[in-house]
Each structure stands twice: as structure tokens, then as C-alpha cells.
There are 2 protein chains.
Amino acid sequence: MSSRILLIEDDRNLGDQIVTHLKRDGFEVTWIQDGHEALDAEPKQHDLVVLDLMLPGAHGLDILKIYRETAETPVLVLSARNETSTKVRALALGADDYVTKPFWPEELLARIQARLRRPLLHAADVIETGALRIDLSARVVENAGQKVELTRIEFDLLATLAQRIGSAVTRQALVDRVLDPDREGTGRTLDVHFSRVRKKLGSEGARIATVWGVGYRLLPPDEKKSGS
Amino acid sequence: MSSRILLIEDDRNLGDQIVTHLKRDGFEVTWIQDGHEALDAEPKQHDLVVLDLMLPGAHGLDILKIYRETAETPVLVLSARNETSTKVRALALGADDYVTKPFWPEELLARIQARLRRPLLHAADVIETGALRIDLSARVVENAGQKVELTRIEFDLLATLAQRIGSAVTRQALVDRVLDPDREGTGRTLDVHFSRVRKKLGSEGARIATVWGVGYRLLPPDEKKSGS
DNA sequence: AATCTCCTTAAGTAAGGCTTAAGGTTGCAG
DNA sequence: CTGCAACCTTAAGCCTTACTTAAGGAGATT
């Protein structure tokens with residue numbers, strides 16, 4: 001999914017140039033050219049804001065302040081001013097970066113990507129599928145809102161399947177990943193663990209399908225078990 | 001807990017100046033003046049790296065690359081070179097910011113703080129959860145309005161869990177962050193500290209849940225311990 | 001130097017859960 | 001249909017991990 005950038009820049013030429021570069025790199029860009037409009041914009045619905053400080057209608061720092069109160073979206077500030085005090089103020093107000101004009105579009109792009117790279121690391125730690133809710137960072141599983149107590153290995157097995165939902169995962173891969181990697185995939189240990197997971201998950205346990213001679217697979221919510 | 005900065009800068013004067021400013025603002029600074037040494041340093045044990053590109057012994061970009069493979073610690077690059085291509089390369093390699101020399105220390109400081117702000121954005125200076133109130137800057141904990149006397153390590157452990165409330169934190173991560181980072185995570189020291197924290201917190205101590213075989217986790221106020 | 005704080009280690013105990021074994025069941029091939 | 005191999009399930013033993021208490025010792029304070 002492409003990232004959505006909110007660009008606030010009154011200069012026609014510069015704005016046009018930025019939009020062109022961003023779109024060429026696969027970003028979706030919303031371009032606002034006026035300060036008042038910027039106050040009504042929705043930073044929450046974008047992944048990053050590029051904000052020029054010198055605008056007609058409203059000052060960039062005021063916009064920054066308001067955005068910070070309503071959203072966590074990273075803000076990259078553009079400005080022609082190169083004074084340290086201005087930079088410090090913008091950064092203290094919550095800006096994530098400060099780029100001085102003039103700049104090459106390549107640098108802006110690189111800085112945007114550096115900003116976007118970070119949040120992805122900490123995002124999407126919860127997998128929801130059907131009645132199951134798997135919180136990877138808390139290591140907690142809920143089935144239809146009911147907490148399910150899983151052991152370390154049981155959780156890791158379920159999480160591994162859930163992360164590749166729909167596709168088969170080989171026994172050996174599961175053994176390597178969850179149990180001791182230096183172990184032969186021969187024993188019945190894996191079966192025992194899955195047996196318990198299925199039981200603990202109740203009716204949802206049926207979604208853990210055995211792929212005969214291969215391994216296991218977590219069925220998507222809509223897929224029924226015995227295909228006729 | 002004050003943030004730990006790893007500074008890699010060969011210039012004596014500049015380095016000294018930076019260290020002074022950082023310490024004045026309450027950072028703990030490790031200063032390395034040689035490229036080879038930097039390769040053996042432990043970025044994982046710091047909260048942010050300030051990396052000069054022009055070093056004797058090894059090139060900054062190589063150091064950056066290696067750091068990126070082993071740790072997620074943000075890296076802020078310093079350089080005298082102002083070419084866009086260098087900036088783009090550094091940022092593409094995983095740098096989080098790029099500051100061109102010469103610069104005022106205030107700007108560097110502001111940029112460092114902007115970088116550090118992100119991961120802790122959810123965690124304000126004071127964390128309130130259930131009956132607990134944890135003041136990170138004053139290093140004071142209150143339980144239902146009553147002050148709780150915690151030692152340094154006890155506080156740091158609780159604070160670390162609180163900053164990631166609900167998430168499981170591994171033993172190793174806690175040892176790295178709070179105890180000596182060069183220690184194996186095998187000993188029982190951690191258990192002893194948590195035992196004491198739980199006792200000092202009284203009934204709220206039950207919110208520190210053990211994640212068997214993984215680590216510990218601070219339960220959100222609404223989450224009961226053993227789900228039915 | 002005596003004392004205090006607090007970090008660490010050790011040891012005993014408790015709990016938790018991984019694994020193996022064994023017997024039953026299911027799916028596949030001939 | 002029959003045999004075989006893969007898989008399921010249960011139960012029990014044992015090893016790992018965690019909790020607690022007590023004591024030693026380092027560093028700071030008086």
C-alpha cells in the first residue's frame with residue numbers, strides 16, 4: 001500500500017516539482033496551497049505531512065501545533081529560514097525534521113522515507129482473523145473476546161501460522177522456528193502441541209488444518225474445512 | 001531513566017563541545033573517537049547514536065551499515081559534506097537524520113530530542129495506569145496516592161514495563177536495559193528485583209505478570225490476570 | 001571507620017510445561 | 001479392502017523456569 005503524503009506548500013513551482021517527484025516514487029499526494037485550508041485538513045488520514053512554514057493565511061508553526069494536538073502523524077518542515085532558533089522551535093513543537101530551502105528533491109525524498117521507515121517497525125502487532133485476535137507483543141490470544149491461555153510454544157506455533165494465514169507451513173519450518181532449530185523434525189512433539197492448541201481454541205481450533213505429509217495451515221475465516 | 005547517547009566523533013574540540021552540551025541536558029554520553037573502536041561498540045545499549053562520517057580507522061557509512069544489522073537504535077549522522085548524494089546514501093542506509101557541519105549545538109540537541117521523542121510518544125513524562133502513577137523525570141512512584149520507595153533498578157524495571165504497557169518484555173531486554181548489558185540473562189537477579197517490586201506495590205504488584213519462558217508484562221488496568 | 005543502602009548470589013521450593021510413550025484414528029496407495 | 005504411514009490424543013515423568021528468603025559484599029554516607 002502506498003503512503004499518503006499531505007503537502008502544504010504555497011509556492012506553485014516548488015509544490016508542483018515535489019508532487020511530481022513523490023508521485024513518481026509511488027506516493028499518494030494531497031497538495032494544499034493555503035494556510036486556512038491546512039487548518040481544516042486531516043493529518044490523521046495521512047502517513048506524513050510536509051509543511052512549509054511561510055504560508056498565506058496561517059503560520060506554519062501554528063498549523064504544526066494544531067496537528068500535534070490531534071494526530072501523531074510525522075511532520076517534516078520546509079523553510080527558507082536557516083536560523084538555528086527557528087529550527088529549534090519547530091523541532092521542539094513536535095516537528096520530526098527540518099529541511100532548509102533550497103534543497104534537491106532527492107534529499108527530501110530520502111528524508112521522507114527515513115521518517116516513514118520507523119513507524120512501520122512498531123506497527124501492526126495484532127492479527128485479527130475470524131473470532132481470533134492474536135496480540136504478538138503482549139503474547140495474548142483471544143477467541144471471541146475470551147482470553148485463551150497458551151504456553152510459549154503453543155503461542156509461537158499459532159502466531160507462526162497466523163502470520164502466514166492460508167498457506168501451509170512445513171513441520172520442519174515450525175520445528176526450526178519454534179522448537180530447537182537443531183532438532184530433527186521426526187518426533188511427535190509438534191502434534192502434541194497442536195493438539196492442545198486446537199483444544200484450547202474450541203470450535204476455532206478446527207481452523208488449524210493438517211496438510212497431510214507437509215505440515216499445518218491456518219484456514220482463512222471464510223474457508224470451510226472439508227472441500228467437496 | 002536518562003537517555004544514553006553514543007557519540008562517534010574524532011574531532012577533539014567538537015566532540016568535547018557536544019559532550020558538554022548533552023550532559024548539561026541530562027544525557028549519558030559515551031564518546032568514541034576512533035573508527036575501529038566504533039565497530040566494537042554496542043549501539044543496542046544506547047538510545048541514539050550520533051555518528052560522524054569522516055573518521056580515522058573506518059568509514060562512517062560502514063559503521064552505519066553494521067549498526068543497522070544488529071540494532072534498531074536511531075542514528076543521527078554528522079558530516080562536513082553537504083552534497084545531496086551523500087545525504088541520500090546515508091539516509092537510504094538507515095540513518096534517521098543528517099546534520100551538516102558546521103552547526104549550532106542547539107540544533108543538534110533539538111534534532112536528538114525529536115528523534116528520541118518518537119518511540120516514547122505514547123509515554124508521557126508521567127504514566128498513570130490504574131492506581132499507579134509513575135513520574136519518569138522525578139523518578140517517583142505512587143500507588144493510590146501513597147508514595148512507594150523504589151531503588152534505582154526497581155524503578156527502571158517498573159518504568160520499562162510501564163512504557164510498553166500490556167506488552168511482554170523479554171528478560172534479556174530488561175537485563176540489557178536496566179542491568180549490566182554485557183551480562184548473560186541467565187541469573188536470578190531479575191527475579192529478585194521483581195519480587196521486591198511486587199511486594200512494595202502490594203495488591204497492584206499482581207499487575208506485573210510473568211510471561212513464562214519470555215519475560216514480564218505490566219497488565220493494563222482492565223485486564224484480569226487469569227482469563228476465564 | 002562504622003553504618004547504611006542496595007545489588008547480587010546462592011539455595012531451597014514451587015510451579016509450569018515440554019517431551020516421550022502408547023494406543024487409537026485417519027488418510028492414502030495398491 | 002487391506003496395510004501402512006502419518007497423525008491425534010492422553011497421561012505421566014522430568015527438566016526448566018520462576019519465586020522467595022537470607023546472607024555476602026560493594027559503594028556511598030556520616
Side-chain angles (χ1 to χ4, degrees), chain A residues 139 141 148-161 168-203 205-218 225-228, chain B residues 1 139 141 148-158 160-161 168-203 205-219 225-227:
Chain A
R139 302 184 60 87
V141 172
V148 180
E149 297 285 349
L150 296 182
T151 70
R152 184 182 68 81
I153 288 181
E154 287 163 9
F155 179 87
D156 287 340
L157 289 176
L158 179 59
T160 303
L161 292 193
V169 183
T170 65
R171 295 179 76 89
Q172 191 59 55
L174 290 164
V175 169
D176 286 349
R177 184 179 165 80
V178 178
L179 308 178
D180 189 359
D182 305 328
R183 186 194 303 198
E184 304 293 330
T186 53
R188 293 295 95 197
T189 306
L190 211 55
D191 308 44
V192 177
H193 287 301
F194 272 115
S195 170
R196 278 199 274 263
V197 175
R198 281 168 169 152
K199 184 193 269 185
K200 287 182 180 179
L201 291 184
S203 58
R207 293 201 18 223
I208 298 177
T210 305
V211 184
W212 222 81
V214 178
Y216 295 88
R217 181 166 88 91
L218 184 63
K225 194 169 184 184
S226 82
S228 67
Chain B
M1 183 164 21
R139 301 183 61 84
V141 173
V148 180
E149 296 287 350
L150 295 182
T151 69
R152 196 204 100 226
I153 288 181
E154 288 163 7
F155 179 88
D156 287 342
L157 290 176
L158 179 60
T160 303
L161 292 192
V169 183
T170 64
R171 295 180 76 89
Q172 191 59 56
L174 290 164
V175 170
D176 285 350
R177 186 171 174 78
V178 177
L179 308 178
D180 185 2
D182 302 327
R183 186 190 306 193
E184 303 291 331
T186 53
R188 293 293 96 192
T189 306
L190 212 55
D191 308 45
V192 176
H193 287 298
F194 271 116
S195 174
R196 279 199 271 263
V197 175
R198 280 170 170 152
K199 186 190 274 184
K200 287 182 180 178
L201 290 184
S203 59
R207 294 205 13 226
I208 299 177
T210 306
V211 184
W212 222 84
V214 178
Y216 295 88
R217 181 165 89 89
L218 184 62
L219 301 180
K225 193 163 187 185
S226 143

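Note: hydrogens, waters and symmetry copies are ignored here, and every other heavy atom, side chains too, is used. A, B, ... follow the sequence lines: proteins, then strands. Residue 1 opens every chain. On a predicted model such as this, the values are computed, not experimentally measured, just so you know.
- Taking 4.0 Å as the cut-off between side-chain N and carboxylate O, B:Arg196 and B:Glu154 count as a salt-bridged pair.
- In this structure, B:Gly213 and A:Gly213 both approach DNA chain D, and ranking their closest nucleotides by distance from the 5' end singles out A:Gly213.
- At the phosphate of D:dC19, OP1 or OP2 sits under 4.0 Å from a side-chain N or O atom of B:Thr210.
- The B:Arg188 side chain lies nearest to D:dC19 when the options are C:dC7, C:dT8, D:dC19.
- Axis deviation across the helix from C:dA1-D:dT30 to C:dG30-D:dC1 amounts to 40°, comparing end segments of five pairs, rounded to 10 degrees.
- The residue among A:Lys199 and A:Gly215 whose nearest nucleotide of DNA chain D is located toward the 5' end is A:Gly215.
- Using modelled atom types, one finds a donor on one side chain and an acceptor on the other under 3.5 Å when comparing B:Arg198 with B:Thr210.
- The interatomic distance linking B:Trp212 (CH2) with D:dT16 (P) rounds to 10 Å, in whole Å.
- To the nearest 0.5 angstrom, A:His193 atom NE2 is 6.5 Å from A:Thr151 atom OG1.
- Atom CZ in B:Phe155 sits roughly 14 Å away from atom P in C:dC6 (whole-Å rounding).
- At D:dC19, one or more side-chain N or O atoms of B:Arg198 fall inside 4.0 Å of OP1 or OP2 (strictly under the cut-off).
- Considering only side-chain atoms of B:Arg196, the nucleotide from C:dT8, D:dC8, C:dT19 that sits closest is C:dT8.
- Taking every side-chain heavy atom of A:Ile153 into account, C:dC18 is the closest of C:dT8, D:dT9, C:dC18.
- A:Leu201 has its side chain within reach of A:Leu158: a pair of non-hydrogen atoms, C-beta onward, lies under 4.5 Å apart.
- Considering only heavy atoms from C-beta on, B:Val214 stays 4.5 Å or farther from B:Arg171 through its side chain.
- In this structure, A:Lys200 places its NZ atom 7 Å from P of C:dG17, rounding to the nearest Å.
- For the pair A:Leu179 CG and C:dC18 P, the computed distance is 9 Å after rounding to whole Å.
- Among the nucleotides C:dC7, D:dC8, D:dT21, the one closest to the side chain of A:Tyr216 is D:dC8.
- Inter-residue side-chain proximity for A:Arg177 and A:Asp156 is flagged as unmet; no heavy-atom pair is nearer than 4.5 Å.
- Set against C:dG17, D:dA18, C:dC7, the side chain of B:Thr151 has C:dC7 as its closest nucleotide.
- The shortest side-chain heavy-atom distance between A:Val197 and A:Tyr216 does not fall under the 4.5 Å cut-off.
- Whole-Å rounding puts the A:Asp191 CG to C:dG24 P distance at 18 Å.
- Separating the CG atom of B:Leu157 from the C1' atom of C:dC6 is a distance of 13 Å, rounded to the nearest angstrom.
- Of the residues near DNA chain C, B:Val192 and A:Leu150, the one whose nearest nucleotide (by heavy atom distance) lies more toward the 5' end is B:Val192.
- Atoms CG (B:Asp180) and P (D:dG27) sit 14 Å apart, rounded to a whole Å.
- Counting heavy atoms from C-beta on, the side chains of B:Leu157 and B:Leu190 come closer than 4.5 Å.
- Nucleotide C:dC18 holds its P atom 12 Å from the CG atom of A:Leu190, rounded to whole Å.
- The listed nucleotides are C:dC18, D:dT20, C:dT8; the one nearest the side chain of B:Ser195 is D:dT20.
- Proximity of B:His193 to the phosphate of C:dC6: no side-chain N or O atom is located under 4.0 Å from OP1 or OP2.
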